[in-house]
Student: 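Provided herewith is a single structure, encoded as C-alpha cells, for subsequent inquiry.
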Amino acid sequence: MIQEALREIQRGTAEIIDIERIEKLLKAYFDEEKTYTVKAGFDPTAPDLHLGHTVLLQKLAIFQKYGARVQFLIGSFTAMIGDPTGKNATRKVLTKEDIVTNIDSYTTQAFKILDPEKTDIVYNNEWLDELGAAGMLELASNLTVARMLERDDFSKRYASQTPIAVSEFIYPLLQGYDSVHLASDVEIGGTDQKFNLLMGRQLQKAYDIKKQQAVLMMPILEGLDGVQKMSKSLGNYIGVTDTANDMFGKVLSISDELMWRFYELLSTKTLDEIVELKSGVSDGSLHPKKVKEALALEITARFHSDEEANGAKEEFDKVHAKSQIPTDIAEFECDGEVWIAKALLDCNIEPSTSQARRDIKQGGVKIDQEKVTDDKLVLTAGEYLLQVGKRKFAKLKVN
RNA sequence: GGUGAGAUAGUCAAGUGGCCAACGACGGCGGACUGUAAAUCCGCUCCCUACGGGUUCAGAGGUUCGACUCCUCUUCUCACCA
C-alpha cells in the first residue's frame with residue numbers, strides 16, 4: 001500500500017529530496033491515519049492557469065489521496081517583489097489590486113483538480129506583513145551573499161552584469177520563511193524552484209522546526225511545440241478555460257513523442273496502464289492516434305465534462321477526419337455586393353485583403369466547398385459558406 | 001558621472017546614398033502528403049479592389065534630384081571606465 005502510494009507520488013518527478021521523510025509520513029497515515037501538510041506556492045501573477053500549472057496541482061491531488069492536507073499558498077506578499085526565477089531581467093512588481101483580482105479565478109480553476117475539503121488556502125502576507133524590519137534582518141542573517149550567488153540564475157546574471165535587485169535576494173528567504181511559519185512537511189514546486197525549495201529546509205532548521213520539509217520537484221511541461229516550456233506568452237499553451245473543442249483539438253495536435261510526456265505528467269492513468277499503451281503502439285497493435293484521442297478525451301473531460309469531451313471528439317472527427325463542416329460557425333451579414341477579399345476580412349477569417357488575395361491565389365479559399373480561383377470575385381445577394389484553409393469558417397449572408 | 005556602440009518588419013538578423021517593401025533564419029499562413037500529428041516538399045509572408053498606388057527601417061528636424069543608409073537634436077538600450 002505504501003509502496004503503491006510512493007510510486008504514484010514519485011511518478012514524473014524530476015527530483016525528490018528526502019524521500020525517507022515522505023515514506024515516514026505515508027506510513028504514519030496508513031498506520032495511524034495521521035495527516036500531514038504539503039505546501040505549494042502560487043504566484044497570482046497571471047489569472048489564467050494552463051496545463052503546465054496543473055502538473056503541480058495533480059501531484060497535490062495525489063498527495064491528498066494519501067492523507068495530505070494541501071497548503072495552497074498564495075504569494076500575495078511575495079508577488080509584490082517578483083520572483084527572479086527563470087527571468088534574466090528584473091521583473092515588474094505587481095500592485096495589490098492586480099493580485100486580488102487574480103486570486104479568485106485562480107482558486108476556482110485549481111479546485112477542478114484539488115479537493116477543497118483537504119485544502120487550506122493561505123496568504124503569505126498574513127505573516128510576512130508582521131515580520132517587520134527586525135524579523136527581516138534576523139531572517140536575512142541566515143544566509144550569506146556567497147550562498148545566494150550559488151543560485152544559477154543569480155550567478156549568471158551577476159557574471160553577465162545584468163542587474164539584480166536586492167529585493168530579489170529576499171524572495172527565496174521569504175518563500176523559505178513561509179515553510180517555517182506553516183511548518184510544512186513537504187513542499188512541491190517546479191525544478192526551477194529548487195533553490196527556493198531548499199531554502200525552506202535550511203530555514204526550518206535555523207528556526208528549530210524539528211523536521212525539515214521533504215522537497216519534490218516536478219519538471220516543466222513542454223508546450224504544444226514540444227520544445228519550449230508551456231507558457232502563455234509563447235502561445236503554445238492549453239488553457240484550463242479553453243473550450244472543450246479547443247482543448248481536444250490542441251491535445252490531438254501534439255506530437256507522438258510529446259504525447260507520452262503528457263501522459264506521464266497529466267493523465268490519471270496508472271503507470272502500468274501507460275506502459276501497456278506504449279508497448280501496444282510500438283508493436284503496432286494500437287494506433288497512436290487512438291492513444292492520443294484517449295488522452296485528449298481524458299484531459300477535456302477533466303475541465304469540462306464527459307459529454308462535452310465526447311462532443312468535442314465527434315465534432316473533431318466530423319471537421320477533420322471527414323473534412324465536413326463544423327457545427328458552430330460564426331455568421332455575418334452585409335448589404336449589397338461584396339468583394340470576396342473584403343468579405344473574408346469582414347468575417348474575421350483573414351487579417352487583411354492582401355492576405356485574402358494571397359490565399360485565394362494559392363487555392364486556400366473555398367465558397368460552399370468550391371475552390372475560389374478568381375480574386376476579383378464579387379458576391380451578390382445570397383448565403384455563402386466561406387472557408388480559409390482547413391479550419392477557418394464563416395457564414396455570410398449578403399442582402 | 002565619463003566614454004564608446006547600437007535602435008531595421010512577429011522574433012533574430014543583413015543592408016551603410018539610388019538596383020530596397022528591404023538578403024537570410026525562425027515563426028506564421030496556404031498547398032501536397034497524413035493520424036488537423038511529426039517529418040518532408042512547394043508557395044506566400046506591410047497595407048490598399050492592385051500589372052498600379054500608399055505607408056515603413058526608434059522619434060523629430062535637416063542635407064540631397066533621391067536616404068534604412070549622411071548631419072543635428074530627442075528618447076531608449078548595451079558595453080567599457082568611475
Side-chain angles (χ1 to χ4, degrees), chain A residues 88-90 157-163 222-229 231-238 242-263 277 280-282 284-297 299-300 312-327 329 334 336-367 369-380 386-394 398:
Chain A
N88 48 17
T90 312
R157 282 164 64 183
Y158 191 65
S160 68
Q161 315 258 349
T162 312
E222 292 83 355
L224 298 174
D225 51 61
V227 181
Q228 295 195 270
K229 69 169 190 174
S231 90
K232 195 165 186 180
S233 52
L234 292 173
N236 61 354
Y237 68 102
I238 303 178
D242 282 357
T243 65
N245 284 346
D246 274 354
M247 205 178 268
F248 188 89
K250 281 185 186 176
V251 175
L252 223 51
S253 79
I254 64 176
S255 69
D256 288 1
E257 222 177 310
L258 188 60
M259 165 173 82
W260 298 118
R261 183 89 170 141
F262 273 43
Y263 256 113
L277 290 175
V281 168
S282 55
S285 63
L286 213 52
H287 197 296
K289 179 160 188 226
K290 290 285 169 216
V291 181
K292 204 181 288 175
E293 266 176 6
L295 176 70
L297 273 176
I299 291 175
T300 309
K313 176 177 160 21
E314 275 171 36
E315 180 73 7
F316 186 88
D317 287 343
K318 184 177 161 194
V319 177
H320 300 289
K322 299 177 193 155
S323 60
Q324 289 175 350
I325 304 136
T327 320
I329 302 176
C334 67
E337 301 183 335
V338 209
W339 175 42
I340 178 68
K342 190 88 172 66
L344 293 167
L345 176 67
D346 289 343
C347 293
N348 293 327
I349 50 178
E350 285 285 21
S352 70
T353 58
S354 299
Q355 181 66 44
R357 290 160 58 102
R358 274 181 229 122
D359 282 336
I360 291 169
K361 280 179 192 152
Q362 297 190 105
V365 175
K366 288 179 186 172
I367 293 178
Q369 315 273 32
E370 296 286 327
K371 198 173 279 184
V372 179
T373 48
D374 178 13
D375 67 350
K376 291 196 169 67
L377 185 72
V378 171
L379 301 178
T380 50
L386 308 175
Q387 180 182 0
V388 176
K390 286 170 193 158
R391 315 180 194 187
K392 284 169 285 189
F393 290 89
V398 180

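Note that these values count all heavy atoms, side chains included, but never hydrogens, waters or copies made by symmetry. Everything numeric here is computed off the predicted structure, so don't read it as measured data. In what follows, chains carry the letters A, B, and so on, assigned in the order in which the sequence lines appear, proteins first and then strands, with residues in each chain numbered from 1.
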Student: Whole angstroms only, please: what is the CG-C1' distance between Asn236(A) and G28(B)?
Tutor: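 Going from Asn236(A) (CG) to G28(B) (C1'), I get 14 Å.
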Student: On RNA chain B, nearest-nucleotide positions of Phe248(A) versus Ala341(A): which is more 5'?
Tutor: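 The residue closer to the strand's 5' end, by nearest nucleotide, is Phe248(A).
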Student: Tell me, please, which residues at least two apart from Lys390(A) pass salt bridge (Lys or Arg N to Asp or Glu O under 4.0 Å).
Tutor: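 So Lys390(A) forms no salt bridge (Lys or Arg N to Asp or Glu O under 4.0 Å) with any residue.
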Student: In the 5'-to-3' direction, what one-character label does each nucleotide of nucleotides 41-48 of chain B receive under the scheme B = base within less than 4.0 Å of a protein heavy atom, S = sugar-phosphate only, - = no such atom?
Tutor: --BSS-SB
Student: Applying side chain to side chain contact (heavy atoms under 4.5 Å, CB included), can you list everything that pairs with Thr380(A), at least two apart in sequence or on another chain?
Tutor: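 With neighbours one apart ignored, the set is Glu337(A), Tyr384(A).
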Student: If you look only at distance, which donor and acceptor atoms sit under 3.5 Å apart when one is on a side chain in residues 249-256 of chain A and the other is two or more places apart or in another chain?
Tutor:
{"from": "Lys250(A)", "atom 1": "NZ", "to": "Tyr237(A)", "atom 2": "O", "distance (Å)": "3.2"}
{"from": "Lys250(A)", "atom 1": "NZ", "to": "Asp242(A)", "atom 2": "OD2", "distance (Å)": "2.8"}
{"from": "Ser253(A)", "atom 1": "OG", "to": "Lys250(A)", "atom 2": "O", "distance (Å)": "2.8"}
{"from": "Ser255(A)", "atom 1": "OG", "to": "Leu258(A)", "atom 2": "N", "distance (Å)": "3.3"}
{"from": "Asp256(A)", "atom 1": "OD1", "to": "Lys292(A)", "atom 2": "NZ", "distance (Å)": "2.9"}

Student: Hey, is Glu257(A) close enough to Arg261(A) for a salt bridge, meaning N to O under 4.0 Å?
Tutor: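 No, Glu257(A) and Arg261(A) are not salt-bridged.
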Student: Counting only non-hydrogen atoms, which of residues 371-379 of chain A are less than 4.0 Å from RNA chain B?
Tutor: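 The answer is none.
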Student: List for me each residue that meets salt bridge (Lys or Arg N to Asp or Glu O under 4.0 Å) alongside Arg357(A), sequence neighbours excluded, and say none if there are none.
Tutor: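 Expected list: Asp375(A).
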Student: Holding to salt bridge (Lys or Arg N to Asp or Glu O under 4.0 Å), I want the full list of residues that pass it with Lys342(A), two or more places apart in sequence or in another chain.
Tutor: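 Only Asp346(A) meet the salt bridge (Lys or Arg N to Asp or Glu O under 4.0 Å) criterion with Lys342(A).
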Student: With sequence neighbours excluded, what pairs up with Pro326(A) under the side chain to side chain contact (heavy atoms under 4.5 Å, CB included) test?
Tutor: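 Partners of Pro326(A) under the side chain to side chain contact (heavy atoms under 4.5 Å, CB included) test: Glu315(A), Val319(A), Ile329(A), Phe393(A).
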Student: Mind checking the P distance from G54(B) to A67(B)? Whole angstroms is fine.
Tutor: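 The answer is 14 Å between these two P atoms.
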Student: Please state whether the phosphate of A38(B), meaning OP1 or OP2, lies under 4.0 angstrom from any side-chain nitrogen or oxygen of Lys292(A).
Tutor: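 False: Lys292(A) side-chain N/O out of range (4.0 Å or more) of A38(B) OP1/OP2.
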Student: Rounded to whole angstrom units, what separation is found between the CG atom of Asp317(A) and the P atom of G35(B)?
Tutor: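 Distance check: Asp317(A) CG to G35(B) P gives 13 Å.
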Student: Under a 3.5 Å limit for both distances, which nucleotide forms a Watson-Crick or G-U wobble pair with G43(B), could you say?
Tutor: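 G43(B) is paired with C29(B).
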Student: List the residues meeting ring-ring contact (aromatic ring centres under 6.0 Å, His included) with Phe262(A), not counting sequence neighbours, and say none if there are none.
Tutor: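 Partners of Phe262(A) by the ring-ring contact (aromatic ring centres under 6.0 Å, His included) criterion come out as none, since no residue qualifies.
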